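These notes concern the structure reproduced below.
A note on names: the letters A, B, ... follow the listed sequences, proteins ahead of strands, and every chain is numbered from 1. Quantities reported herein were computed from a predicted structural model and do not represent experimental measurements.
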Amino acid sequence: MVDIEIEIDGKVVHGNSGESVISIADREGIEIPRFCYHKKLSVSANCRMCLIDIKGNPKPQPACSTLASAGMKLYTKNAKAKAAQKAVMEFLLINHPLDCPICDQGGECELQDVAMEYGSDVSVFNEGKRIVADKDIGALIHTDMTRCIHCTRCIRFGAEVAGIVEMGGTGRGEDLKIEPFLSEGIQSELSGNMIDVCPVGALTSKPFRFEVRSWQMNSIQSIARHDLVGSNIFTQTHKGKVKRVVARDNESVNETWISDRDRFSYQGLASEKRCLVPKIKVNNEWREASWQEALDFAVNGIKNNNSDGSKFGALTSKNATLEELYLLQKLTRGMGSDNLDYRSDFANPAAANILKSSISLAELEDIDHALIVGSHLRLEQPMINHRIRKATLNGASVSAINAQTFDSNYRISNNLLTAPQNTLATLSGVLKAVLNEASEKQPDYLNSVVVEQAHKDIADNLLNAENAVVILGEHVNGNPDSDGISQLVKDIAEASQAQTLNVSLTSNSLAAEQVGFRPVNGKNALEILASDLNSFVMFDIYPDFDCFNPESAIENLSRSDAFVVSLNSFEDDSVLKYSDVVLPIASFYETSGTHVNIDNISQSYSASVKSAGDSKPGWKVIKVLADLLEIQGFEFVDSCEVADEALSMTPSTSVARAKITGSEIPEISTVWQCAPYSVDALVRHSSSLQETQIGQINVASVSKATAKLLKLSEGDLFKGVPVNINNSVAEGCVFVHTYQPRKC
Amino acid sequence: MISDQAKKEIDIWVAKYPTGRQSSAVMEALKIVQAENGGSLTNDLIKAVADYLDMPRINAQEVATFYENYNHKPVGKHVIRFCHNISCMLNGADDLISYLETKLGVKTGEARKDGLVSVKKVECLGACVGAPMCQIGDKYFENLTEQRIDEILDGLK
């Protein structure tokens, strides 16, 4: 890469040798029309729209595939270039229908824009246009392939970014069609980006189809908060409703992509199941109430059932905003209680999960080895997985210690199948192997550990890498040994001089950590749900999905002496069963807030739309509750003040070293993973996401030998989930991956 | 779906390419399974070949639909591959193809009910000097006329 000087349209500009001319022009703000070129995809140079004149070259050349060399003189707007661009434009429009008025892309269409700028008024083509039959490619993307101009961006996106080659070009010449194989739907978790890259109306958003014209909407900057990345998005609204979500560029966070979960979850906002008015339970009968009445009812209930504060507990989901978490924390502590937690789905919330991430999203691309521990990374954190995939494309290798071999979009060279009850032993083996190889002293607890060849292989991979990362995933949360596991992951990373990445605390968990939403001396989530506390605030909790053991949690909360105030955005039968008041709160995009992502970047966003019905932003409801409970320190005017105060907190970082002691080893254990489109209430109510193949994930995988021990056969139901016997699962465990409610 | 014999033949081709590049054998593999299936491919066969070569199914379909050598509908015992590119076209290929269709009672791309013959329009076969021309099996028939076609058809059994 040498800095060179070239001349574009008489302007001297700088670039790197080997850089494409179009990217230099883009940087300099010199406009060159294009369809197939996309800055994040490979160059195919098949649309020919970016033809420019190069001095000394007899014919115009495509700017996307022409590499800059010193002294080049380029003309993007001279007669030769213009004639070429105009001719290509006419050629591209030969088969393109003139149906802009009924096309969803109209108004935001690259073809439309470029045709206006570079095209001719009339076409000399007066033969018939070709028509291409459409295929149903799933619930998210609508196809109108007659409009396709064969730029192949969607094909390249699938092959290069999503890592699943789904779209392809079949046939030849005029019969060329862009389509997936047969009528197999698109399966990628990033498929929605094909809509964004498509320069015409061939691929458009299915849920958005015919909703509203693009120019009638307001675009509001927002943050997607289903995962740890906090992808930057635009919510596009019309008449107070979110109509669409599209990606917003932020190179260090989500580049230009977003996951389907972030893109289509907004549909849940319009669900019929929204909580719209406050409800109170009087004499075991639910009735609607005014906010005033409901708040008084809630406050009286809390006061009457809570003499000294120690009988009060608060639980929240990890989807709450930083502000909500902070205020609820302040309320709880103001009540004199330390019973608060956000980890209601953890098997062992007593664990500290001390692992801190030491590598940023952008740096993940430069690693040369990743060890994944307990994570189906592709579906858990699509955008983080995408960074790892980019690293693998640059030659990085990946190994894993997982209970199942997951379908990944890169090669996992070394996958050590490990049931949850053996994870501690496996990690100990790896740590010992690492210490042995590095000839370092071993702590005593490793004395009795046996190092197997598989452990050595993993250790070698780590030690041979110069820039490795150890990734701790979600599965650890359901493991009673989580404390030891996260300690060992930390030790392994330290001993092998690898970085760490903790993706087990998902959504906005890091905000909860920031504001100290976990007990210091009080009761943790499991204890709160099993205790004899008698007044509760449950913020955004849907026990069937959010509690580790829903059945016992619901039973305990339904006690006659327990007064439960629930704040929810969606109606839920289990919530009604145990609650005494349900206060409707705003869902995603309806409230201002802050998301703390894995790089510890706090991204604030404003409300895109007003909250549905009579529901109110959660932070306001908590503030008013606190005021009515006469707790001091809630004089906030807007959520920014709350965020400022929350971010000024210094979370306690000193965590004692966890003990590496295994819990009682069950013969056969279960890993229960929530399917990616069931992780929070909003996605669960997004009908199109639920229709996709990922939304329909519902399988209990078990090995042949384990199935025999459990007397299970193919198709039986294991905790309500159909059994699939295959050899991808570790012996001694059942791996449940499902959209269904959790069963302990 | 793919017989053991066919797999053996495919493996010979796979072995010619570096490890991990087994998908390079897709053209030969499709040819082998097509031959075994009586001269045409089905979607299931394309899928089976793709899965056997561990490559994306759509990529196998791209290859199978790009080249004329692959047939996607059942073919007759004899496939008359009729050139309709420029030299043959200028010398009356289109009329001869219509003649052939009427005479045999089939449409191009389809097999006659008795399964004896099918007609397929193909791109240039490199025998422009003898245009119009067609290929049946491995044999080229050049300088075709309606009369010559009658003679050729009489010889097909």
B:Leu90, CG: over 12 other non-hydrogen atoms inside 6.0 angstrom = yes
Chain A shares the most heavy-atom pairs under 4.5 Å, among B:Ile46, B:Asn59, B:Thr65, with B:Thr65
Taking the side chain as C-beta and beyond, is there a heavy-atom pair between B:Ile58 and A:Pro180 under 4.5 Å?
-> no
Residue pairs fulfilling salt bridge (Lys or Arg N to Asp or Glu O under 4.0 Å) with at least one residue in residues 73-86 of chain B, sequence neighbours excluded = none
Contacts of A:Phe406 that satisfy ring-ring contact (aromatic ring centres under 6.0 Å, His included) - sequence neighbours left out | A:His376, A:His475, A:Phe735
Can you tell which part of B:Glu68 gets under 4.5 Å to a heavy atom of chain A, answering side chain, backbone, both or neither?
-> both
Side-chain ion pair, A:Glu174 and A:Arg130, N-O less than 4.0 Å = no
Output the residues of residues 145-173 of chain A for which the shortest heavy-atom distance to chain B is under 4.5 Å, in residue-number order; output 'none' if no such residue exists.
-> A:Val165, A:Glu166, A:Met167, A:Gly168, A:Gly169, A:Thr170, A:Gly171, A:Arg172
Given salt bridge (Lys or Arg N to Asp or Glu O under 4.0 Å), test A:Glu691 with A:Lys206 step by step and report yes or no.
-> CA-CA 12 Å; A:Glu691 281 172 38; A:Lys206 210 171 216 175; over 6 Å; no
With sequence neighbours excluded, residues passing salt bridge (charged side-chain N to carboxylate O under 4.0 Å, His left out) with A:Arg411 | none
